Every structure is written in structure tokens, then in C-alpha cells.
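Taking it in order: structure first as C-alpha cells, then the write-up.
Below, each value reflects all heavy atoms present in this structure, side chains not excepted, and no hydrogens, waters or symmetry copies. Here is the naming used below: chain letters follow the sequence lines, and residue numbers restart at 1 for every chain. Computed from a predicted model, the values in this text were never measured in an experiment.
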Amino acid sequence: MTTAMSKPASSTHPQRGELAVHAKGVTKHYGKGDNKVLALRGVDLEIAYGELMMLVGPSGCGKTTLISVIAGILDRDEGELSVFGNDYAKQGQRIKTLWRGANIGFVFQQFNLLPTLTAAENAAVPLMILGESRASAVKKAKDMMSRVGLESKFNSLPSQLSGGQQQRVAIARALVHQPKLIVCDEPTSALDATTGHAVLRLLKGVALQEDRALVIVTHDSRIFGFADRVATMDDGKIVTIGKPSEVMQ
Amino acid sequence: MIGVAIQMLVGDKMKFFALIIGLSFASMMIAQQASIFTGYAMRAGAWVRDTAQADLWVMDPQVEVTIDFKRMTDTQLQRVRGVQGVSWGVPMFVGGLIARLPDGTIQAIRLVGLDDGTLIGAPPGMAEGELADLRRDRGVFVDQRDLTGLLRARRDTSAPALAIGSRLDINDHEVEVTGLYRKTAEFFWEPTIYTTYSRALKIAPPERKTLQYVLVKVAEGHDPAQVAEAIRSETGLAVYTGPQFARLSTWYVLIQTGILINFGITIALGFVIGALVSGLLLYTFVTENSRAFAALKAMGTTNGRVVGMVVVQALVAGLIGFGLGVGMAAINGHVAGSDGQLAFKMVWQVPVIAGVGVLACCVLAAVVSLSRVLTLEPAVVFK
């Protein structure tokens, strides 16, 4: 099985194969004393630009913790972590939050759309967070929504959309500000098989480019085939990593 | 993101309306009670303000309120007139007496006796008759509103109401109504009947001391404060300007009647209820939107900006609640107070107080809610 990538990321124009994420010996625990739980037990992982990496494994194995650490939402305890050459440990909370806003896009399992905003406004949120004017942000969001096939749903509220449509809005939201890393948590678990495949095709087609990386946490073995590589986790460690066909075996 | 914050707030209509209602209620309670309080306070000094011709009021030092009948000897009038800087000084009698109406109704009244020559201290406006009519034989003036109030016939309800020409007894002395006057509504409710000073002395029971007030005009070119001090030092009497005496009476009424503490409690209750309701609702709103806030934090919204969003939400709700509450209080006061019965006076300070109260409610609500938002881990979006 393949275990590692090797070329470091260049600072200007990353090329497919260069490293976007580099983790070595990353640990993370929750709780204290007798309640202390080790969620990550020394994870080594490399994700290249242009790569779609899937993290799979049983519930509680540490997948979500790992993407939270990679996305800078959780702080690691030990180990090395570089995301596009950036080390969160050297950043204050505010700088880290701002960096995350500019460089990472999120697709959540429960979509997490704001119920009182229209689809286009929801998709525009990351741009507004970055300080772009509402009008400009919504205009760009509409362009992105058109790319994910939702040009007729700009003014719909999330409650007026199907699960698949909501997930496409979430994808538009994750991509609208052109982030380098897109993190998806169980993007198909709330969707039927057909819609789930459509969402993955969309993610791979629209989101994945040479200067980006895509990490998807999933239980859904039906979508493994969309990955470039699949990392299997168990008990806080990556136990195997390789091409989908290898993992499926 | 301010627009997003407002949309989040307004979009959840049920909670938004509940929040607005809570804040409006608090604002209305604060504004209404403060306005009624102000109304009572203004009424307590209304008679003094209505008697605006004099610069200074001279009285016994133990007088604490307008109806505190502690009189002086008549000789004090001459002593006051002799102080340098006094242009003129006129006597005024004020006393509590009993009146009997033609139908036999007995009513406690306040009799005010004005200087016979000048009629200084007369009521501010006449509804019927002229001021000089007070000098007519047995002449008295009664308040137009009292004709249907405390001076209406109550023993024989079919008896005609008092009018010019009607006769009544005051302390068993017959007097005749020669004029109807208008005055500002007062805190004290007994009818005020005006007559001349000399007639008042004939009507009232004989006493050694008959002079309640000396109304003083300060001579041109003299400082009223200096003249007041001169009167004080030369006579040992108390001297106030009109506003000072009105304020003295107002504080006496507010303290002695418990109005200050009672209205203070109601206003405080409005604030506490408003703070609790708005705090609870805003906290619930924030709690129910915690996933949304967590998602926003995960997507790069800093804590500072989240604080701004919650503060904006609290302020928008507060502003709307404040406007509605003060508006409702003003309408209530206008409608319920149109007959002059409700002591309602919304001076500019009242909306300011209500605004500060609502703002404090919002700040408390925001602080409570922020404690929830700021400790929110963005990682919950993955759970």
C-alpha cells in the first residue's frame, strides 16, 4: 500500500503531488484524569494538492477529531502539523480563525445552513465573513450556485430545499471563497445513494483542482470509489492507507 | 455580518416577537410609571408654579409643603417690606376650612386670601368672570373643574351645580361665587377657593398668627438670591424662589406619601422583568442557534465578530422594544389622561430613563448569551 507523499509544497504555485497537509505523530485527548480519552494516538498523514482523501473507519475511531485538528478547529496535543506550510501551534486563536476562514471550506453532515437566510445568502456567508460586501458576496454565491446546478433556488430558504439541494448549497458555500482545503464531514450520510453520488461527482468536479485538497470523512463505502486514496482509521490511528480498490479488498 | 445577525434574529418570528413583547412591556412599564411619577411630582408643585407673579416666597421656617399651615404674625409683612431690595411684598392667607354647599353637602376646602389691593397670587386664568370680581361683596372664586368634582351637590343630587351667583357657607360665613377660575391640576385634591385677604381673615377662625406667606417682588437691579439672603438674615424667616418652593413641596410629597419608593419599586420591577424575559429569550435564541454560531466560528468568524453579532441582535430587539414600549406608554397616557384625571407627564427625561433601562436589559441579556457563545466550541458542528 502507498503510505506517503514526498515533495514539500512550494509557496507560490503548488503542483499536483506536492504536499498540502503534513501530519506526523499527531495526538489529541479529551477529558482529564480517569475520564481522559485518547482520540488521536500519533497520526501520520500526508495529503497532496489535487488529491481527494477519504478518512474511513468505525464510529469513535478519531476521524472527526483528525479533520477538526487539520482544519484548525481543535488544537493538537503533540506532533507536527503543517497545512499549506502553516503551523497552527504558532498562531493565536484570532489569527488561526481568520486563516481558517480564508483557506478552508467546510461541508457538514447536517449542512448547518442558517435557516433564516436564503440559499444564495447562505452560500455567501464565507465571503461576508471575509469582509466582502453583501451584494458582491451574494453575486459570487449565485455564480457558484449555478455551477452546482441550483440557479433556480437562489431565493429559497433551506426549509424549502431537499436534502440533496441543501447539501449542494453547503458545497457552494464551501467553495465560494476559493479555499485551498475543503473538509467534508459525512457529506452523503443524510442523502440517498443517487443523490449521494451526485454530490460526490459535484465535489470532485467543482471543488477538486490542482491547487486544492479535499478531505472527506465518511462511513459510506458506496462513495469510496471517488477517492484518490482512502485512509482507514481505528482507535485513534491510521491503520491503512491506499487506493480505494486496495482498501475495498 | 450585521445583516446576517439581524436576519437570524428576525427570521425566528416567534422568538423575535416574544423578545420584542418582553422588551416593549419592560419599556412601557418603566416609561409609564416614570411618567405618572413625574406627573405627581409636577402636581405637587403646581400651585406654586401657578402663582408666578412673585419672585420670592417668605414663610415660617418650619413650613415644608404648600399646605403646611404654619403662619406668621402680621408684623412680619412690614419687616419683609423693609428689607433692602424688596420692591413690594403682599400677604397671602392659606388655611384649611369647611364649606357647606346649598344642598347641605359638607366639604373640606383650602381657602386662599389674596392681597385686597393687588390680588397678587391670583389663579392663572379665569373661566368665567374677571379678577376684579373677587373684590365684590362676599366674593369667592372656585375652580371650574370642582363644580363637577368635590364641590358638586352630593346630598341632593338634583340640586343645581354651583355657578356664578351661587352662595355657600365657609366656616358658617356666607360667600358668593363671583368667578370661576382654571388652574393646573394639583396633587392635593381639596377644592381651593380664593377670596381677598381681609375677607379670608373674617371667615377663618380667629388666630393670633394669620399670615401664611409673603409674596415678594425683587426690585429692579437687585439679585433675588441676595435679597432672599437679606430677608432670611433680617427676619429669620424662610425664603424660597418659586422653583425652590415647588421643589421643596414636591420632595415632601414624594417622601411622605411613599410615592417615590412605590413608583421606584414598580420601575425597578419593569426593569427586572424586562431583563429576565429578554435575557432568557435571547439566551434561548442563542442556545437554539448554537450550531449556527458554531458553524460561523468554524468558517472563520472570530469571537469578536460573534460578540458584535449578539450585541447587534440585542440592540435591535432593544431599540424596537424601546420604541414600541415608550409609544404605548405615550398613547396610554394620552388616552387615559385626556380628562386630566391621570397624573401623566412624559418629560424628555422619561424616554431617556426607559432607554437606559431597556439598554441595561439588553446588555444583561447579551452578556448572559455571550457567555454561551464565547465558550462554544466550533468543533460541535462535526457532532
Side-chain angles (χ1 to χ4, degrees), chain A residues 28 30 63-69 71-75 92-118 121-122 124-135 137-138 157 159 170 173-174 176-177 179 183-186 217, chain B residues 1-20 281-282 284-314 316-317 320 369-371 373-383:
Chain A
K28 175 69 186 174
Y30 298 110
K63 307 184 295 292
T64 299
T65 301
L66 181 57
I67 58 163
S68 297
V69 169
I73 288 176
L74 286 178
D75 294 330
Q93 194 62 41
R94 179 182 150 75
I95 298 297
K96 189 166 63 178
T97 303
L98 292 173
W99 190 90
R100 191 168 66 229
N103 294 287
I104 299 181
F106 293 91
V107 178
F108 307 109
Q109 182 177 4
Q110 297 299 326
F111 320 134
N112 286 320
L113 301 176
L114 299 178
T116 55
L117 269 58
T118 65
E121 288 166 341
N122 262 292
V125 163
L127 289 171
M128 288 192 268
I129 290 173
L130 291 173
E132 193 150 338
S133 72
R134 187 183 187 83
V138 170
L157 291 171
S159 58
R173 180 180 64 183
V176 72
H177 56 307
V183 175
C184 310
D185 182 39
E186 304 278 8
V217 164
Chain B
M1 293 304 285
I2 286 174
V4 172
I6 293 171
Q7 269 183 282
M8 286 172 72
L9 174 74
V10 176
D12 193 343
K13 289 186 174 54
M14 284 301 290
K15 275 194 194 59
F16 177 64
F17 285 133
L19 190 59
I20 293 301
L281 286 169
L282 197 62
T284 307
F285 170 79
V286 168
T287 303
E288 290 190 2
N289 279 291
S290 58
R291 280 191 76 84
F293 279 113
L296 289 172
K297 287 173 83 167
M299 288 189 287
T301 307
T302 59
N303 272 339
R305 191 170 267 189
V306 171
V307 169
M309 289 176 74
V310 174
V311 168
V312 162
Q313 288 169 340
V316 166
I320 295 171
S369 307
L370 282 172
S371 63
V373 174
L374 292 178
T375 55
L376 189 66
E377 278 290 340
V380 300
V381 289
F382 287 132
K383 289 177 182 169

Legend entry - Within residues 10-18 of chain B, residues adjacent to chain A where the heavy-atom gap is under 4.5 Å: G11(B), D12(B)

Legend entry - Which atoms of V217(A) approach chain B - backbone, side chain, both or neither, heavy atom under 4.5 Å: neither

Inset, instruction - Measure the CE-CZ distance between M299(B) and R100(A) for me, rounded to the nearest 0.5 Å. - result: 10.5 Å

Legend entry - E121(A) vs V4(B) side-chain heavy atoms within contact, under 4.5 Å: no

Legend entry - I129(A) backbone acceptor or donor facing R305(B) side chain under 3.5 Å: yes

Inset, instruction - Test R94(A) against N303(B) for side chain to side chain contact (heavy atoms under 4.5 Å, CB included), laying out the working first. - result: CA-CA 8 Å; R94(A) 179 182 150 75; N303(B) 272 339; over 6 Å; no

Inset, instruction - Give, for atom CZ of R291(B) and atom CG of L114(A), the distance between the pair rounded to the nearest 0.5 Å. - result: 12.0 Å

Inset, instruction - Please state whether the side chain, the backbone, both or neither of L117(A) comes within less than 4.5 Å of a heavy atom of chain B. - result: both

Inset, instruction - Identify the heavy atoms of M8(B) and T116(A) that sit nearest to each other, and give their distance. - result: CA-OG1, 3.3 Å

Legend entry - Side chain, backbone, both or neither of L9(B) within contact of chain A (heavy atoms, under 4.5 Å): neither

Legend entry - Rounded distance [0.5 Å steps], CD1 in I2(B) versus CZ in R134(A): 11.0 Å

Legend entry - Exam field: side chain T97(A) to backbone T301(B), donor-acceptor pair closer than 3.5 Å: no

Inset, instruction - Give the minimum heavy-atom separation between A298(B) and F106(A), together with the two atoms involved. - result: O-CE1, 3.0 Å

